[in-house]
Novice: 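Structure below; questions to follow.
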Amino acid sequence: MNLKAQLEIRISDALAAAGAPDGSGALIARSNKPQFGHYQANGCMAAAKALKINPRDLAQKVLDNLDLSDIAEPLEIAGPGFLNIRIKPEWLARRLTEAERDPKLGVPTPEKPQTVVVDYSAPNLAKEMHVGHLRSTIIGDAMARVLDFIGHKVVRQNHVGDWGTQFGMLIAYLNDLAADDPQGTQADAELSDLEDFYRKSKQRFDSDEEFANTARQQVVSLQAGDAATLEAWRKFRKISLSHCSDVYRRLGVLLTDDDVYGESEYNDDLVNVIDDLRSAGLLEESQGAQCVFLDEFRGKGEDDADVPLIVQKSDGGYLYATTDLAGIRYRQTQLNADRALYVTDSRQGMHFTQVFGVARKAGFAKPEFMLEHVPFGMMLGSDRRPFKTRTGGTIKLTDLLTEAEQRAFDLVSEKTPDLDEARRKEIAAIVGIGAVKYADLSQNRASDYVFSWDKMLSMDGNTAPYMQYAYARVKAIFRKAGIDESQAVGQIVLTEAAEINLAVKIAQLPETIHSVSVECMPNLLCSYLYELAGAYMTFYEACPVLKADDPAARTSRLMLCLLTARTIKKALGLLGIDILEQM
RNA sequence: GCGCCCGUAGCUCAGCAGGAUAGAGCGCCGGUUUCCUAAACCGGAGGCCAGAGGUUCGAGUCCUCUCGGGCGUACCA
């Protein structure tokens with residue numbers, strides 16, 4: 001169990017024994033000032049109010065019913081009734097020793113692991129991946145890694161847009177190219193830039209009425225399951241997916257073709273969704289469309305109109321609401337999911353509120369199946385407008401990543417010009433990609449974020465390069481000493497304040513990861529990393545490691561270095577960011 | 001109109017169930033290198049937490065209203 005949770009339980013019990021009302025929590029928080037200890041319990045004040053007694057008296061009674069001597073120094077009552085908690089060095093040393101032997105660094109495995117679906121990335125296959133897909137892909141991947149590490153069963157679902165009207169247009173254009181070009185070399189060349197391909201076919205669609213009709217015909221035959229059309233569709237889909245795979249590989253994202261479960265997978269089930277909604281008495285026809293009206297959305301539209309969830313268009317076509325409903329049912333019945341995370345931008349908030357609501361009412365999602373929208377804000381340029389190219393076009397993800405690597409390469413070349421070019425390229429890829437990902441993850445996902453190359457590639461502040469450098473610095477000690485990690489074994493003895501503070505930080509990894517998993521907030525892990533690095537730097541300045549006075553201190557400090565390095569590596573790894581042993 | 005999100009230092013952002021003197025980075029001012037990676041470290045200045053009420057022993061955090069911004073609001077995803 002993590003430290004914070006341990007304190008919470010022990011002190012809550014003491015609170016109950018002291019006569020506090022049922023459910024009074026210890027309300028453990030990390031103290032924000034060193035003089036207040038490492039943690040503080042804030043629960044006495046609230047409980048005392050309920051009991052109408054003096055909070056300090058209650059705090060005293062809590063102490064009378066509490067023996068924390070195994071974990072903490074004697075607790076102090078402070079201010080109006082805070083309990084200040086200082087963790088004992090001996091306890092920390094023991095906890096760190098255990099963590100050192102544990103591949104999970106002390107992060108506990110849940111008693112009942114859950115099956116968690118993480119729905120993320122989900123690009124539209126009609127176009128190339130662009131910056132709009134970046135946040136979903138990065139945040140979703142980090143969440144998947146974190147949940148997997150904790151010990152949950154993670155099912156990645158890449159709900160790609162591989163169906164819909166725009167495919168008719170693309171297939172028609174593809175067919176046209178193929179007709180003039182039996183070898184298919186022309187078509188292949190055009191398909192190497194999907195963005196361009198889409199633009200050209202769209203242009204044709206808008207200007208050539210005959211072509212537009214053919215395109216509409218293709219949609220019809222596609223939906224009718226015409227063999228030739230399906231063949232063209234498969235070809236296009238495959239090429240588009242390979243573009244995605246390239247991006248995922250460069251980004252170091254774990255998604256593979258096995259995780260692709262696109263809109264088209266649900267085609268056959270959509271008619272059942274409609275039927276079942278009808279049987280459940282939820283379906284209403286309105287303005288020719290099949291809709292579900294939820295009470296919460298009555299009178300919420302323009303002119304106080306009721307807002308429907310449209311599940312079938314008046315022309316009989318289905319929408320993403322239909323597919324999402326089918327997806328929820330699939331995830332519950334086929335994947336046996338306990339929890340599903342939908343990592344999409346915040347503009348889809350209302351859509352998910354509606355879809356989840358309808359899914360519950362229709363029984364597609366049992367009450368205990370947790371459905372969570374994990375929303376995030378937009379990426380903005382330095383002008384605070386949506387992030388676009390100078391000419392106002394969409395920025396392709398592949399171009400963004402290339403620029404990240406190039407900028408990192410220039411930086412590496414400037415700082416360490418003596419390294420050979422191949423090595424500098426290697427470092428640049430890890431630093432550049434890491435910078436892009438970390439910049440995104442370190443931000444509270446709810447807010448829009450301003451994209452800035454200079455900021456994300458800075459060595460100062462809460463950035464990937466800073467964390468990667470911090471790691472490399474730790475590892476330099478081992479290299480300098482000519483000893484292997486495995487040789488750094490022995491007793492951990494914590495005496496200096498800097499050592500104790502560093503140890504506390506290391507011991508806080510489990511509770512941090514727990515918070516991240518519950519709240520889907522990777523930025524908490526980034527803040528933690530930055531604090532850990534800060535604690536390490538203070539330690540590094542204050543406590544000589546290799547030149548420590550006595551061998552016992554040297555060994556102990558080497559172990560602190562070792563654990564710091566492993567913790568940074570692990571935490572960055574959970575964010576999907578690589579480290580460098582040397583930079 | 002209604003709904004959701006947001007408004008914290010000059011700039012970009014943290015602030016985890018309401019807790020003690022609101023924290024970082026950039027920028028600005030100043031210091032540290034015969035010493036384990038200076039791509040580093042340390043210190044300083046800088047805030048009526050948009051505004052006004054309210055709840056509370058205690059509010060950046062909760063409630064109401066106002067102002068300012070973003071997004072959404074019937075057949076795109």
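Predicted model, so just to flag it, every value in this text is computed and none were measured. Convention: sequence-line order gives letters A, B, ...; per-chain numbering from 1.
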Novice: Within the 4.0 Å heavy-atom criterion, would you say I310(A) contacts the bases, only the backbone, or no part of the nucleic acid?
Specialist: base

Novice: Report the distance from atom CG of L457(A) to atom C1' of C26(B), rounded to the nearest whole Å.
Specialist: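 In whole Å, C26(B) C1' lies 14 Å from L457(A) CG.
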
Novice: Can F36(A) be said to stack with the base of A20(B), given centres closer than 5.5 angstrom and planes under 30 degrees apart?
Specialist: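 F36(A) ring centre within cut-off of A20(B) base, planes near parallel; stacks.
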
Novice: Quantified in whole Å, what is the P atom distance between nucleotide U66(B) and nucleotide G43(B)?
Specialist: 46 Å

Novice: Taking only nitrogen or oxygen atoms into account, show me every contact under 3.5 Å that the protein makes with nucleotides 7-9 of chain B, one pair per line with its distance.
Specialist:
none

Novice: Side-chain donor-acceptor pair under 3.5 Å between D162(A) and S264(A), yes or no?
Specialist: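 Note: D162(A) and S264(A) side chains meet the donor-acceptor criterion.
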
Novice: Start at the 5' end of RNA chain B and walk down; is the nucleotide closest to E302(A) or to Q166(A) reached first?
Specialist: E302(A)

Novice: Under 3.5 Å, is there a donor on one side chain and an acceptor on the other for Q40(A) and N42(A)?
Specialist: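 There is such a pair between these side chains.
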
Novice: What's the closest nucleotide to the side chain of F293(A) if the choices are A77(B), C2(B), A74(B)?
Specialist: A74(B)

Novice: Starting from C1' on G3(B), measure out to CZ on F352(A) and report it in whole angstrom.
Specialist: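 So the two atoms are 17 Å apart, to the nearest Å.
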
Novice: Let me check something: any side-chain donor-acceptor pairs from residues 348-356 of chain A under 3.5 Å, sequence neighbours excluded? List them with distances.
Specialist:
from, atom 1, to, atom 2, distance (Å)
Q348(A), NE2, D345(A), OD2, 3.4
H351(A), ND1, Y320(A), OH, 3.2
H351(A), NE2, D324(A), OD2, 2.7
T353(A), OG1, G349(A), O, 2.9
Q354(A), NE2, P308(A), O, 3.2

Novice: What is the distance, rounded to the nearest whole Å, between atom NZ of K202(A) and atom P of C76(B)?
Specialist: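 It works out to 14 Å between those atoms.
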
Novice: Taking the P atom in each of A45(B) and G3(B), what is the distance between them to the nearest angstrom?
Specialist: 45 Å

Novice: Reading nucleotides 38-46 of chain B 5' to 3', which nucleotides get B (base under 4.0 Å from a protein heavy atom), which S (sugar-phosphate only), which -?
Specialist: SBSS-----

Novice: Would you indicate which nucleotide in C35(B), C76(B), G25(B) comes nearest to any side-chain atom of K547(A)?
Specialist: C35(B)

Novice: Verify the contact: side-chain N or O of K300(A) to OP1 or OP2 of G72(B), cut-off strictly under 4.0 Å; return yes or no.
Specialist: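 So the side-chain polar atoms of K300(A) never come under 4.0 Å of the phosphate oxygens OP1 or OP2 of G72(B).
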
Novice: Looking at the side chain of Q287(A), which of C36(B), A74(B), G70(B) is the nearest nucleotide?
Specialist: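 The nucleotide sitting nearest to the side chain is A74(B).
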
Novice: Can you pull out every ring-ring contact (aromatic ring centres under 6.0 Å, His included) where at least one residue sits in residues 508-532 of chain A? Sequence neighbours excluded, please.
Specialist: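 Sorted result for residues 508-532 of chain A: Y466(A)-Y530(A).
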
Novice: Residues two or more places apart in sequence or in another chain: which of them pass ring-ring contact (aromatic ring centres under 6.0 Å, His included) with Y471(A)?
Specialist: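 Result, ring-ring contact (aromatic ring centres under 6.0 Å, His included) vs Y471(A): none returned.
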
Novice: Using atom C1' of each nucleotide, how far apart are U37(B) and G18(B) to the nearest Å?
Specialist: 44 Å

Novice: Could you list the residues that satisfy side-chain contact (heavy atoms from CB on, under 4.5 Å) with K547(A), not counting sequence neighbours?
Specialist: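 Only P544(A) meet the side-chain contact (heavy atoms from CB on, under 4.5 Å) criterion with K547(A).
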
Novice: For the pair made of CG in D295(A) and C1' in G3(B), what is the distance, rounded to whole Å?
Specialist: 16 Å

Novice: Any salt bridge between R479(A) and E581(A), counting N to O under 4.0 Å?
Specialist: no

Novice: Within the structure shown, what part of the strands sits under 4.0 Å from V545(A) by heavy-atom distance: base, sugar-phosphate, or nothing?
Specialist: base

Novice: Any Lys/Arg nitrogen of K202(A) or D206(A) sitting under 4.0 Å from an Asp/Glu carboxylate oxygen of the other?
Specialist: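 Counted as a salt bridge, because a side-chain N and a carboxylate O are separated by less than 4.0 Å.
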
Novice: What distance, rounded to whole Å, do you find between the two P atoms, one in A14(B) and one in A52(B)?
Specialist: 24 Å

Novice: Applying a 4.0 Å non-hydrogen cut-off, can you work out what D324(A) is touching in the nucleic acid: base, sugar-phosphate, or nothing?
Specialist: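 If one applies the 4.0 Å heavy-atom cut-off, D324(A) turns out to touch nothing in the nucleic acid.
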
Novice: Between C5(B) and C11(B), how far apart are the C1' atoms? Round to whole Å, please.
Specialist: 22 Å

Novice: Specify the residues of residues 343-351 of chain A, ordered by number, for which at least one heavy atom lies under 4.0 angstrom from an atom of RNA chain B.
Specialist: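 Nucleic-acid contacts, sorted: R347(A), Q348(A), M350(A).
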
Novice: Could you measure between the two P atoms, the one in G7(B) and the one in U12(B), and give it in whole Å?
Specialist: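 Here G7(B) and U12(B) have their P atoms 13 Å from each other.
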
Novice: Identify the residue among K480(A), E485(A), Q582(A) that makes a side chain to side chain contact (heavy atoms under 4.5 Å, CB included) with K475(A).
Specialist: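 Exactly one option meets the side chain to side chain contact (heavy atoms under 4.5 Å, CB included) with K475(A), and it is E485(A).
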
Novice: Return whichever of N124(A) or M378(A) has its heavy-atom-nearest nucleotide of RNA chain B closer to the 5' end.
Specialist: M378(A)

Novice: I need a per-nucleotide contact map over nucleotides 11-19 of chain B, read 5' to 3'. Cutoff is protein heavy atoms under 4.0 Å; write B for the base, S for backbone only, - otherwise.
Specialist: -BSSSBB-B

Novice: Under 4.0 Å between any heavy atoms, over every strand shown, what does C561(A) touch: base, sugar-phosphate, or nothing? Just pick one.
Specialist: nothing

Novice: Can you list the residues that meet the salt bridge (Lys or Arg N to Asp or Glu O under 4.0 Å) rule with R30(A), with sequence neighbours excluded?
Specialist: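 Result, salt bridge (Lys or Arg N to Asp or Glu O under 4.0 Å) vs R30(A): E511(A), E531(A).
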
Novice: Please state the C1' separation for the pair G60(B) and A17(B) - nearest whole angstrom.
Specialist: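 It comes out at 16 Å once rounded to the nearest Å.
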
Novice: Any side-chain heavy-atom pair from F539(A) and E496(A) closer than 4.5 angstrom?
Specialist: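 No - every pair of side-chain heavy atoms lies 4.5 Å or more apart.
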
Novice: Just checking, any donor-acceptor pair under 3.5 angstrom between side chains of D410(A) and Q406(A)?
Specialist: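 Looking only at side-chain atoms, Q406(A) and D410(A) do form a donor-acceptor pair, the distance falling under 3.5 Å.
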
Novice: Is E531(A) touching bases, backbone alone, or none of the nucleic acid, heavy atoms closer than 4.0 Å?
Specialist: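 Nothing, no heavy atom under 4.0 Å.
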
Novice: Could you work out, with side-chain hydrogen bond (donor to acceptor under 3.5 Å, both in side chains) as the rule, every residue matching R86(A), not counting sequence neighbours?
Specialist: none

Novice: For C543(A), report the nucleic acid contact type (base, sugar-phosphate, nothing); a contact means any heavy atom under 4.0 Å.
Specialist: base

Novice: With a 6.0 Å cut-off on ring centres, are Y318(A) and Y266(A) close enough?
Specialist: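 Here the rings of Y266(A) and Y318(A) have centres that are no less than 6.0 Å from each other.
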
Novice: Atom NZ of K127(A) and atom C1' of C76(B): how far apart are they, to the nearest Å?
Specialist: 11 Å

Novice: Between atom OH in Y530(A) and atom P in C26(B), what is the gap in whole Å?
Specialist: 7 Å

Novice: Using whole Å, report how far CD of Q312(A) lies from P of C76(B).
Specialist: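 After rounding, the gap between these two atoms is 13 Å.
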
Novice: Distance check, P atoms only: A50(B) and U8(B), in whole angstrom units.
Specialist: 6 Å

Novice: Can you tell me which stems involve RNA chain B, if a stem is defined as three or more consecutive Watson-Crick or G-U wobble pairs, both distances under 3.5 Å?
Specialist: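 Stems for RNA chain B, defined as runs of 3 or more consecutive pairs: B:1-7 with B:67-73, B:10-13 with B:23-26, B:28-32 with B:40-44, B:50-54 with B:62-66.
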
Novice: Would you call R199(A) and E195(A) a salt bridge, using N to O less than 4.0 angstrom?
Specialist: no

Novice: Between Q508(A) and Y39(A), is there a side-chain donor-acceptor contact under 3.5 Å, judged purely by atom types and distance?
Specialist: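 Yes, Q508(A) and Y39(A) have a side-chain donor paired with an acceptor closer than 3.5 Å.
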
Novice: State which residues pass salt bridge (Lys or Arg N to Asp or Glu O under 4.0 Å) with D306(A); sequence neighbours excluded, sorted by chain then number.
Specialist: R298(A)

Novice: Roughly how many Å is it from CD in E263(A) to P in A77(B), rounded to a whole number?
Specialist: 7 Å

Novice: Could you tell me how the ring of F451(A) sits relative to the ring of W453(A): parallel (under 30°), tilted (30 to 60°) or perpendicular (over 60°)?
Specialist: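 The arrangement is perpendicular - the two ring planes meet at more than 60°.
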
Novice: Assess, by modelled atom type and distance only, whether the side chains of H373(A) and T344(A) contain a donor and an acceptor separated by less than 3.5 Å.
Specialist: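 Per modelled atom types, H373(A) and T344(A) side chains form a pair under 3.5 Å.
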
